[in-house]
Structure formats: C-alpha cells, structure tokens
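Report on the structure given below.
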2 protein chains.
Amino acid sequence: MTQVTLQQLAKELNLSIATISKALRDSHEISVSTKKRVFDRARELNFTPNPYAGSLRKKKSRTIAVVLPEVADNFFTLAIKGIQSVAEKKAYHVLIYLSHESYIHEQHILQNCRSGRVDGVLLSISSETREAGHVELLQAHNIPVVFFDRALEGSRTAKIVTNDVEMGYMAARHLLSKKCSRLCFFSLSESLPICKKRELGFKNALAEEGFPEQAVYYCTGDEEKDYQLILELLSSSRPPDGIIACVERIAIQVYLACQQLQIRIPNQLKMVAFSTLETAPILDPPLTTITQPAFEIGKAAAELLFKGIEKTNFNLENNTVVLPSILIERASTKVVSV
Amino acid sequence: MTQVTLQQLAKELNLSIATISKALRDSHEISVSTKKRVFDRARELNFTPNPYAGSLRKKKSRTIAVVLPEVADNFFTLAIKGIQSVAEKKAYHVLIYLSHESYIHEQHILQNCRSGRVDGVLLSISSETREAGHVELLQAHNIPVVFFDRALEGSRTAKIVTNDVEMGYMAARHLLSKKCSRLCFFSLSESLPICKKRELGFKNALAEEGFPEQAVYYCTGDEEKDYQLILELLSSSRPPDGIIACVERIAIQVYLACQQLQIRIPNQLKMVAFSTLETAPILDPPLTTITQPAFEIGKAAAELLFKGIEKTNFNLENNTVVLPSILIERASTKVVSV
DNA sequence: CTTATTTACGAAAACGTTTTCGCACAAGCA
DNA sequence: TGCTTGTGCGAAAACGTTTTCGTAAATAAG
C-alpha cells in the first residue's frame with residue numbers, strides 16, 4: 001500500500017482534484033452530499049494529505065525548531081515539555097536540535113532553519129555564542145525567533161528569562177546569612193548572559209557587605225577537568241565555606257567531590273544551586289536550590305513564538321518576559337551548631 | 001529578504017533551472033567553470049534549497065520521528081541524546097512527539113507519520129498500548145519502525161531492549177541476599193512489556209526461594225494517588241522490607257514517602273530501582289540501581305532504523321537487540337548490623 | 001420571459017525542487 | 001568526408017497540494 005493522494009480520490013469519485021481538496025477542507029463551495037461522499041471515501045482509504053506538498057504551496061510548515069545546548073538536563077527537558085504542551089494545542093510539529101554548547105553547530109542549525117523548513121525558532125544559546133549574526137539572518141528571512149532562558153543580549157527579539165541577577169544576589173545573601181564567609185561562585189561561562197547575571201548578583205551582594213575577594217571559577221565544559229578543578233579548590237589550604245553552583249551539572253559534581261573528600265555539607269561547606277533537579281529534596285543532604293520555572297518558561301516562549309508566527313503585524317521586539325525563580329531552602333545551607 | 005530559489009539564481013546567471021540544480025549537486029554533466037560560477041553566486045546569496053520541494057519530488061524527507069511517553073525522564077533524555085548523535089551524522093532531522101502514556105495520542109501521532117512527513121519512526125510505547133495495529137499500518141505504508149526500550153510484543157519489526165527479565169530477577173535476588181524477607185515490586189502497568197518482564201524476573205526469584213506471596217503494586221499514573229498508595233503501603237501493619245521500583249519516578253516517590261514517614265533506608269527498608277538517575281550516588285542514602293544503557297539503546301535503535309530506511313532490502317523483522325543493564329550496588333541495600 | 005444571482009464544480013497555475021530526455025556542437029575515428 | 005561518441009546544457013514533466021478564476025446550470029428578481 002502506497003500513499004493515497006487527492007488524484008486517486010478524484011479518479012475514484014469521478015470528481016476533480018480541486019473539488020476533493022475543497023471538500024476535505026469543508027469548503028462552502030461544495031455541496032453537502034458530495035462532501036459526505038468525499039469524507040467517507042477518504043476515511044475508508046485512510047487518506048492523509050502530504051504535508052510537504054501543502055507546505056510548499058502555502059509557504060507554511062506548521063513546524064518549529066527548538067535549538068538547545070543539551071538535552072540531558074532537567075531544566076531543558078522541562079522546558080521542552082512546556083513547549084510541547086502548546087505545540088500540541090496548536091497542532092504544530094517540533095524539531096529538536098542540539099548545539100552541544102558549540103557556536104559553530106548553532107550557526108549551522110540556524111542556517112538550515114532559513115530554508116523554509118520551520119515557521120519559527122525557539123533558541124537557548126550555547127555557552128560559546130557571543131554574536132547575534134546568525135539569528136539576525138534568520139529574522140531577515142522573516143522567521144521569528146524567541147529566546148528562552150539563555151538569551152543573547154542586544155538581540156532585537158523576544159526573550160523569556162528568569163530573574164537571574166536577583167537570584168544570584170539572593171543566593172549570596174542566603175549563604176551570608178548562614179554565616180558563610182568565603183563564598184565561591186561556580187560558573188559555566190564568562191560570556192553566557194545567564195551566568196554573567198547570576199555572577200553579577202553574587203558580586204553585588206558581596207560588595208554590599210564589603211567583601212573584597214570575589215572568587216569566581218569557570219568550568220571548561222570538559223566533565224573530567226571540571227571535576228579536577230573542583231577537587232583542587234575544595235582541598236586547597238583555604239577552601240570556600242559556601243558555594244553557588246550556576247548550573248545543575250556543577251552542583252552534582254560538587255556533591256560527588258565532597259563525597260570523595262569527605263567534606264560534610266552543611267557543616268564544613270554550604271551550598272546553593274541553580275537547578276530544577278527533582279531529586280533535590282532527597283539528596284544527601286537535601287539541596288537548597290534556586291528553582292527556575294522551567295516548564296513555564298518553555299510554555300511562555302512557545303506562546304510568544306506562535307503569536308509572532310500567526311500575527312504578521314506582531315512585533316516580538318521589546319517582548320522580554322521575566323518569570324521569577326524561587327529559592328527553596330533545604331539542609332545544604334542549614335546552620336549547624338558546633 | 002525572502003527565500004532565494006533556483007529560479008532566481010538561473011535568471012541571474014543566464015542559465016536554466018536544471019543547470020543550477022545539477023551544478024549545486026556537483027553533477028558531471030556541468031562544466032567546472034559553470035559550477036564555480038553557480039557555487040559562488042549561491043553562496044553570496046545564501047541560497048538554502050527548500051527541503052519540502054525536494055522531499056516532494058524525491059519522496060524522502062530526511063526526517064525521523066521519535067515517539068515517547070514522556071520527556072522529563074532521565075532514561076528518555078539519554079536515549080534522545082543517543083538518537084541525536086546518529087541523526088546528526090546522517091544529517092537527518094528529528095521530530096519529537098509525546099504520547100503522554102496515552103494510546104489514543106500515540107495512535108494519532110503514528111497516523112500523522114503515515115503522511116510522508118517522516119522516513120522512519122522510533123517508538124517507545126505508552127503504558128496503555130496493547131495492540132500493534134497502529135504500527136502495522138505504518139509498516140504497510142513502507143515506513144520502518146524500530147522500538148526502543150518499551151517494545152510491543154508480537155510486533156514484526158526491530159526492537160532494541162535491555163535484559164528486563166534477568167534484571168528483575170537480579171534485583172530480587174540482590175534484596176534477598178541482603179536479608180530482606182518481605183519484598184514488594186512497584187510497577188507502572190500490568191500490560192507494559194518491560195514492566196511485565198521485570199515483574200516476571202522478580203516472581204521467578206521469589207518462586208525459586210519458595211516465597212508464596214508476591215506483592216506487586218501498580219501505579220495509576222496519577223502522581224498524587226501513587227504517592228498515597230506508597231504512603232499507605234509503607235505505613236501498613238506489615239510493611240515491606242525490600243522494594244523494587246520499576247521506574248525512576250516511583251523510586252523518587254518512595255524516597256519522599258520514607259522521608260515523610262521517617263522510615264530509614266536501608267535499616268528498615270532496602271530498595272533497588274530501575275533508573276538512570278545521575279544523582280543516584282548522592283541521594284540519601286545512595287540508591288542501588290539497575291542502570292540501563294540508555295544512550296546506547298537510543299543510538300542502536302537509530303542506527304538500525306537508518307539501515308531500514310537506506311537499504312530497501314533490509315528486513316527489520318527478527319532484529320531484536322538486547323543491551324544488558326547493570327546492577328550498581330549502593331547504600332540503599334546495605335546490610336546494617338543491628 | 002429576460003436578466004441577475006447563486007450554487008457547485010473543474011481547469012489550471014503555482015509552490016521549488018529533481019530528473020529524464022533531447023539537442024547542438026565538438027572531438028575522435030576510419 | 002561520414003560516422004560515432006562525448007560534452008554541456010535546456011525543456012519539461014513530475015511530486016501532491018491549494019487557490020484563483022471561469023462557467024454551466026439552477027434559482028431568484030424584475
């Protein structure tokens with residue numbers, strides 16, 4: 001059995017292709033009786049219209065692309081879920097692309113998106129991305145782009161982000177309020193806006209309290225090296241007593257390092273992590289987290305993108321939405337009486 | 001700026017559309033000099049061929065669909081990563097669809113896949129799925145299907161699975177060797193093959209040792225109800241002293257319930273879970289897991305699917321690959337001296 | 001009974017490719 | 001010179017839709 005087409009239906013029913021097409025779309029031009037004939041036969045033959053033929057003609061693909069640096073990450077999977085929830089309602093299809101934290105990869109992916117394959121793009125940039133050229137080219141092709149979470153600064157389109165500066169500040173103040181005096185911020189990238197912002201909040205809090213030294217460490221992306229870096233720091237002569245992990249992955253590595261070095265949390269070291277880990281409450285010890293509204297960020301981004309796709313006069317620029325994160329205090333930052 | 005087409009290139013260069021097309025595909029029919037002219041101009045104009053026009057003509061979409069019940073799950077995200085790793089090499093595009101554990105949803109998704117939108121489908125069935133009608137229809141349309149992890153029994157196509165019966169057996173034996181005497185198996189579904197198999201292994205182990213009672217509980221899918229079910233069981237007069245969690249989600253819920261009920265693991269209750277949780281080693285206590293080769297399963301499934309797509313004479317049937325899981329022993333099943 | 005209007009349908013162009021075939025011209029061979 | 005072979009390109013069909021426009025018959029309006 002091969003694909004059944006309008007042509008075949010037309011031949012079978014002694015009607016023209018145009019009539020079949022219109023009948024299936026329930027056009028008023030076609031009489032009720034013929035519509036019924038067509039519907040019935042189409043159902044019998046399990047007719048499923050070729051989407052690409054339609055896309056070609058209508059210049060609409062009913063497909064969006066989601067471009068993200070990594071999929072094995074709780075934040076991104078929740079965001080995908082949020083995106084899917086609205087794509088399903090709109091009957092859109094979702095292509096997933098991974099940049100693997102590489103700018104080159106990201107460029108190629110966006111380049112491909114310019115072909116008419118997708119009607120819009122949801123983008124969370126790689127940690128290497130510093131320029132907006134590739135997204136501007138996309139926009140020049142009239143393909144709307146919405147950033148989610150990891151947005152590019154100075155790019156003229158919508159962004160759905162969370163209150164990173166504020167939460168970086170809160171994380172630091174939280175640790176300070178728990179009597180930490182040697183804070184350390186573990187970042188992913190020097191350039192990535194979300195990291196920079198969280199770091200900025202961290203620094204602001206320290207500056208307020210007159211702390212001169214601001215220990216910020218940047219991970220390399222290489223899991224093994226990052227782990228070594230953490231081990232070295234924690235076993236140095238003057239280790240931190242409070243750590244902020246900018247992303248989930250780092251939090252897990254710090255926990256593992258503490259396990260290996262037999263450093264007790266929260267006694268010797270307190271920790272708060274930017275993370276949506278669902279296992280945070282059952283870790284040893286339960287981890288204080290800055291939890292982002294991941295699902296909602298994905299959902300809001302998709303909703304905005306569809307507005308941009310459906311209403312041609314809708315201007316995505318200046319549509320920055322900030323969905324607040326929350327600090328959930330758990331045992332990893334508990335004050336322990338000595 | 002709008003989409004640039006072969007037509008425009010042809011006009012600019014005073015060549016025919018056919019020549020442009022062939023030149024870009026580096027055909028031997030075209031002279032080296034013209035090819036260069038075409039290449040250069042195409043690059044200048046940032047020509048990106050419309051994929052749907054090509055798909056329509058060639059009846060190939062270079063796109064596959066991945067259909068899975070849930071995305072917020074470590075196993076599935078790792079599997080997606082494995083799938084992507086081979087799709088990227090083959091320059092294929094990946095559409096993601098979620099069935100939300102619903103058979104109806106799954107049916108609609110597969111129905112849509114028959115339209116020519118995709119060249120092949122990777123499927124991990126919903127917990128409600130019991131019949132293969134929808135996948136047979138797909139195959140009848142010459143669209144190859146490969147199951148991964150959650151395969152449908154009696155379906156005539158390739159499956160990439162893990163050794164579920166064996167690991168169910170090992171999980172039970174492991175708990176028995178740790179002096180547990182009241183085992184309990186928490187399953188997701190009575191019909192889902194992977195659950196049935198794990199359960200079978202569990203029962204086999206118990207039968208071997210002459211245990212008459214075989215406590216198996218089925219979760220409803222409703223998180224809240226499941227949690228209540230677990231709470232009731234654990235606070236009953238005769239609670240289990242060893243639990244096997246068939247899926248990751250249940251394991252987390254049991255940990256949370258134990259936290260609430262102040263049940264100490266492994267002292268009062270030991271536990272092993274089928275899971276690829278990367279936080280398993282830092283849970284309280286570290287969780288003994290049956291860890292599936294999630295990435296490899298996704299990768300192998302994709303590789304097999306591409307064989308089915310590319311070689312028309314390749315028969316996917318009877319291509320069942322079993323990638324073994326491993327039991328990683330951690331503190332949640334440690335024997336504690338009283 | 002003529003003239004407008006409506007109803008129900010078909011012809012054909014269009015979307016942007018790929019591919020088959022044909023053709024003109026040049027080059028090689030006897 | 002006549003014949004074959006090869007080279008480089010173009011015309012046109014095809015993929016399966018959607019949509020515009022035209023038109024014949026039926027109905028309504030005058």
Side-chain angles (χ1 to χ4, degrees), chain A residues 1-39 41-42 45-63 93 112 114-119 141-142, chain B residues 1-39 41-42 45-63 93 112 114-119 141-142:
Chain A
M1 178 163 55
T2 175
Q3 167 100 324
V4 25
T5 70
L6 288 185
Q7 178 115 247
Q8 292 171 38
L9 276 173
K11 199 169 291 174
E12 282 212 27
L13 298 173
N14 264 323
L15 291 167
S16 78
I17 295 182
T19 305
I20 307 287
S21 174
K22 290 178 199 166
L24 289 174
R25 330 197 83 239
D26 203 17
S27 158
H28 63 273
E29 287 185 47
I30 307 299
S31 75
V32 204
S33 59
T34 2
K35 274 195 223 171
K36 178 154 170 40
R37 275 216 304 152
V38 175
F39 277 137
R41 194 68 188 127
L45 294 185
N46 248 314
F47 172 72
T48 16
N50 183 306
Y52 296 150
S55 291
L56 189 55
R57 173 62 224 242
K58 292 190 296 189
K59 299 191 156 233
K60 281 293 163 199
S61 63
R62 289 198 87 78
T63 303
H93 301 261
N112 197 287
R114 289 190 316 221
S115 61
R117 187 183 294 279
V118 298
D119 296 342
H141 279 256
N142 286 321
Chain B
M1 176 163 54
T2 176
Q3 166 99 325
V4 25
T5 70
L6 288 185
Q7 179 115 247
Q8 293 171 39
L9 276 174
K11 199 169 290 175
E12 282 213 26
L13 298 173
N14 265 324
L15 289 168
S16 76
I17 295 182
T19 305
I20 307 286
S21 174
K22 291 178 200 166
L24 290 174
R25 330 197 82 243
D26 203 17
S27 158
H28 62 273
E29 288 185 47
I30 308 299
S31 74
V32 203
S33 59
T34 355
K35 276 196 225 172
K36 178 154 171 40
R37 274 215 307 150
V38 175
F39 277 137
R41 193 68 189 126
L45 294 185
N46 248 315
F47 172 72
T48 17
N50 182 306
Y52 297 150
S55 291
L56 189 56
R57 173 63 226 241
K58 292 190 296 189
K59 301 195 155 229
K60 281 293 164 200
S61 64
R62 290 199 87 79
T63 304
H93 302 261
N112 197 287
R114 289 191 315 220
S115 61
R117 187 183 295 277
V118 298
D119 296 343
H141 279 256
N142 287 320

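First the proteins, then the strands, lettered A, B, ... as listed; each starts at 1. Just so we're clear, the structure is a prediction, and the values are computed from it rather than from any experiment. Because only heavy atoms are used, hydrogens play no part in the values below, and waters and symmetry mates are left out as well, while side chains stay in.
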Pairwise salt bridge (Lys or Arg N to Asp or Glu O under 4.0 Å) hits with a residue in [range], at least two apart:
range: residues 24-36 of chain A; answer: A:K22-A:E29, A:D26-A:K35, A:K36-A:D40
range: residues 47-62 of chain A; answer: none
range: residues 6-21 of chain B; answer: B:E12-B:R41

Restricting to non-hydrogen atoms, name the atom on [X] and the atom on [Y] that form the minimum distance, rounded to 0.1 Å.
X: A:F39; Y: A:L24; answer: CE2-O, 3.9 Å
X: A:L6; Y: A:F47; answer: CD2-CZ, 3.6 Å
X: A:A53; Y: B:L56; answer: CB-CD1, 3.8 Å

- Note on the structure: Angle separating the five-pair end axes of the helix from C:dC1-D:dG30 to C:dA30-D:dT1, nearest 10°, is 50°

Distance in angstrom units between [X] [atom1] and [N] [atom2], rounded:
X: B:L6; N: D:dC15; atom1: CG; atom2: P; answer: 19 Å
X: B:Q3; N: C:dA14; atom1: CD; atom2: P; answer: 18 Å
X: A:L9; N: D:dG16; atom1: CG; atom2: C1'; answer: 12 Å
X: B:K36; N: D:dG8; atom1: NZ; atom2: C1'; answer: 19 Å
X: A:Q7; N: D:dT18; atom1: CD; atom2: P; answer: 14 Å
X: B:I20; N: D:dA11; atom1: CD1; atom2: P; answer: 12 Å
X: B:L13; N: D:dG8; atom1: CG; atom2: P; answer: 18 Å
X: B:I17; N: C:dC15; atom1: CD1; atom2: P; answer: 10 Å

Run the side-chain hydrogen bond (donor to acceptor under 3.5 Å, both in side chains) test against [X] and tell me which residues pass, sequence neighbours left out.
X: A:R117; answer: A:N112, B:H93
X: B:N50; answer: none
X: A:S31; answer: A:S33, A:T34
X: A:T63; answer: none

- Query: Between the main-chain N or O of A:L13 and the side-chain N or O of A:R37, is there a donor-acceptor pair closer than 3.5 Å?
  - Reply: yes

- Donor-acceptor under 3.5 Å (B:S55 side chain, B:P51 main chain): yes

- Query: In Å, rounded to the nearest 0.5 Å, how long is the span from CG of A:N46 to NE2 of B:H141?
  - Reply: 6.0 Å

- Note on the structure: What residues 52-61 of chain A contributes to the DNA chain C interface at heavy-atom separation below 4.0 Å is A:L56, A:R57, A:K59

- Using side-chain contact (heavy atoms from CB on, under 4.5 Å) as the criterion, list what pairs up with B:T5, not counting sequence neighbours. B:Q3, B:Q7, B:Q8

Which pairs, protein N/O on one side and nucleotides 23-26 of chain C N/O on the other, fall under 3.5 Å?
none

Scan nucleotides 7-9 of chain C against the protein and return all N/O pairs shorter than 3.5 Å with their distances rounded to 0.1 Å.
| from | atom 1 | to | atom 2 | distance (Å) |
| --- | --- | --- | --- | --- |
| C:dC9 | OP1 | A:T34 | OG1 | 3.1 |
| C:dC9 | OP2 | A:S31 | N | 2.9 |
| C:dC9 | OP2 | A:S31 | OG | 3.0 |
| C:dC9 | OP2 | A:T34 | OG1 | 2.7 |
| C:dC9 | N4 | A:E29 | OE1 | 2.6 |

- Between A:R25 and D:dT17, is there a side-chain N or O to OP1/OP2 distance below 4.0 Å? no

- So what does B:T5 touch, heavy atoms closer than 4.0 Å: a base, only the sugar-phosphate, or nothing? sugar-phosphate

